Amino acid sequence: MIRILKYAGALLACLLIGLVAYGARGYRDAQSDAEDLRARADALIAQSRGGNSLGGGRLAILLAVEDPNFWAHSGVDFSTPGAGLTTITQSAAKRLAFEEFQPGIGKIRQTGYALGLESRLSKEQILALWLETLEMGNGPDGWMVGFHSASSAIYGRPPAELTDAEFIRLTAVLIAPASYDLVRSDAELDERAARIQRLANGVCVPAGFSDVWLDGCRQSPS
């Protein structure tokens with residue numbers, strides 16, 4: 001029995017070392033990619049495709065939904081209500097570091113890459129890369145990638161020129177782009193947008209850390 005426990009302990013130690021090494025690889029990859037990513041992000045910002053180009057108050061709404069503690073955390077967040085398991089930086093890492101992301105162990109490298117991004121890029125640069133790589137669902141001409149591109153495809157205008165309702169509808173898609181429909185009427189998307197509107201109005205808050213669906217902002221029965 002003692003020998004078995006020793007073997008089990010050794011295997012567990014090897015596993016932990018392997019996971020740490022996999023995360024560290026992601027961190028190093030992000031640092032290696034940083035120069036190119038900074039240039040790419042700065043070009044997007046110069047083209048008015050960054051976070052500050054969304055329009056007055058709009059970025060605050062988007063962050064309240066997607067990553068409430070974005071400006072303060074270092075790539076991960078394990079406590080903020082509504083944050084969930086994936087920060088904006090981790091979400092960007094998922095698309096910047098992987099040709100095809102596989103859940104599970106891939107989360108380890110994704111997190112390491114996110115930490116690496118935070119160590120080399122500004123928050124504004126990370127935000128610009130995230131906005132440009134977002135999956136936005138089906139549009140009039142097929143699958144859409146990028147928040148600004150989706151705004152143009154769906155509404156014919158950049159985000160800063162959208163109504164609040166239009167902007168919130170785009171934001172609502174992000175949690176499940178393959179399930180919601182921006183082109184046609186979609187009652188489930190309308191409900192998601194209504195929850196975000198209540199959050200933006202300050203009449204509700206997420207029910208806890210994992211409340212990414214904003215159940216805390218569900219319409220109360222009349």
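This one's a predicted model, so the numbers in the text were calculated from it and none came from an experiment.
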Would you check, one step at a time, whether the test side chain to side chain contact (heavy atoms under 4.5 Å, CB included) holds for Arg109 with Asp29?
CA-CA 9 Å; Arg109 180 168 178 265; Asp29 287 345; 2.8 Å; yes
Check the pair Ile196, Arg169 against side chain to side chain contact (heavy atoms under 4.5 Å, CB included), reporting the backbone distance first and the verdict last.
CA-CA 9 Å; Ile196 293 173; Arg169 194 171 177 83; over 6 Å; no
I would like to know whether Glu166 and Arg157 meet side chain to side chain contact (heavy atoms under 4.5 Å, CB included); could you show each step before the answer?
CA-CA 10 Å; Glu166 290 168 341; Arg157 305 188 304 282; 2.3 Å; yes
Starting from the C-alpha separation in whole Å, work towards a yes-or-no answer on side chain to side chain contact (heavy atoms under 4.5 Å, CB included) for Glu66 and Ser91.
CA-CA 10 Å; Glu66 293 296 316; Ser91 177; over 6 Å; no
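Counted within 6.0 Å of CD on Glu188, heavy atoms from surrounding residues, nucleotides or ligands total 12 or fewer; the atom is thus considered open.
With Arg95 contributing its side chain and Glu135 its backbone, the two residues share no donor-acceptor pair below 3.5 Å. Proximity of a side-chain donor or acceptor of Arg192 to a complementary backbone N or O of Ile175 within less than 3.5 Å is not detected. Asp186 places a side-chain N or O within donor-acceptor distance of the main-chain N or O of Asp181, the cut-off being under 3.5 Å.
One finds the CD atom of Gln90 at 9.0 Å from the CG atom of Asp77 (value rounded to the nearest 0.5 Å). Expressed to the nearest 0.5 Å, how far CG of Leu131 lies from CD1 of Ile126 amounts to 12.0 Å. Tyr113 OH to Gln31 CD: the interatomic distance, rounded to the nearest 0.5 Å, is 10.5 Å. Residue Leu62 holds its CG atom at 5.0 Å from OG1 of Thr171, rounded to the nearest 0.5 Å. The CD1 atom of Ile88 sits 12.0 Å away from the CG atom of Leu129 when rounded to the nearest 0.5 Å. Between the CD atom of Glu35 and the CZ atom of Arg120 there is a distance of 10.0 Å, given to the nearest 0.5 Å.
Side-chain contact between Asp33 and Leu96: absent, with no pair of heavy atoms (C-beta onward) separated by less than 4.5 Å. Counting heavy atoms from C-beta outward, Leu59 and Leu127 have side chains that approach closer than 4.5 Å. Counting only heavy atoms from C-beta outward, the side chains of Leu44 and Gln125 never approach each other to under 4.5 Å.
Paired with Thr86 under the rule side chain to side chain donor-acceptor pair (under 3.5 Å), one option of Lys107, Gln110, Lys94 passes, and it is Lys107.
Between the side chains of Arg49 and Ser149, at least one donor N or O sits under 3.5 Å from an acceptor N or O.
Closest heavy-atom contact between Trp143 and Asn138: CE3-OD1, 3.5 Å. Taking both residues in full, the closest heavy atoms of Thr89 and Ala114 are given as CG2-O, 3.4 Å, listed atom of the first, atom of the second, then distance. For the residue pair Met144 and Leu182, the shortest heavy atom distance occurs at CE-CD1, 3.9 Å. In terms of heavy-atom proximity, Ser53 sits nearest to Ala160 at O-CB, 3.5 Å. Summarising the geometry of Pro68 relative to Pro81, their closest heavy-atom pair is CG-O, 3.6 Å, with the distance given to 0.1 Å. The two residues Ala200 and Ile61 come nearest to each other via the heavy atoms CB-CG1, 4.1 Å.
Note: Tyr155 and Phe167 fail the aromatic proximity criterion, with ring centroids not under 6.0 Å apart.
Salt-bridge annotation for Glu132 and Arg40: absent, with no side-chain N of the basic residue lying under 4.0 Å from a carboxylate O of the acidic one.
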For residues 203-217, dump all side-chain donor-acceptor pairs below 3.5 Å to protein atoms at least two apart in sequence or in another chain.
unit_1	atom_1	unit_2	atom_2	d
Asp211	OD1	Leu214	N	3.0
Asp211	OD1	Asp215	N	2.7
Asp211	OD2	Ala207	N	2.7
Asp211	OD2	Asp215	N	3.1
Asp211	OD2	Gly216	N	2.9
Asp215	OD1	Arg195	NH1	2.9
Asp215	OD1	Arg218	NH2	3.0

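Residues Ile45 and Leu121 do not share a hydrophobic cluster, defined by chaining ILVMFWY side chains whose heavy atoms lie under 4.5 Å apart. Leu85 and Val76 end up in different hydrophobic clusters when Ile, Leu, Val, Met, Phe, Trp and Tyr side chains are linked at under 4.5 Å.
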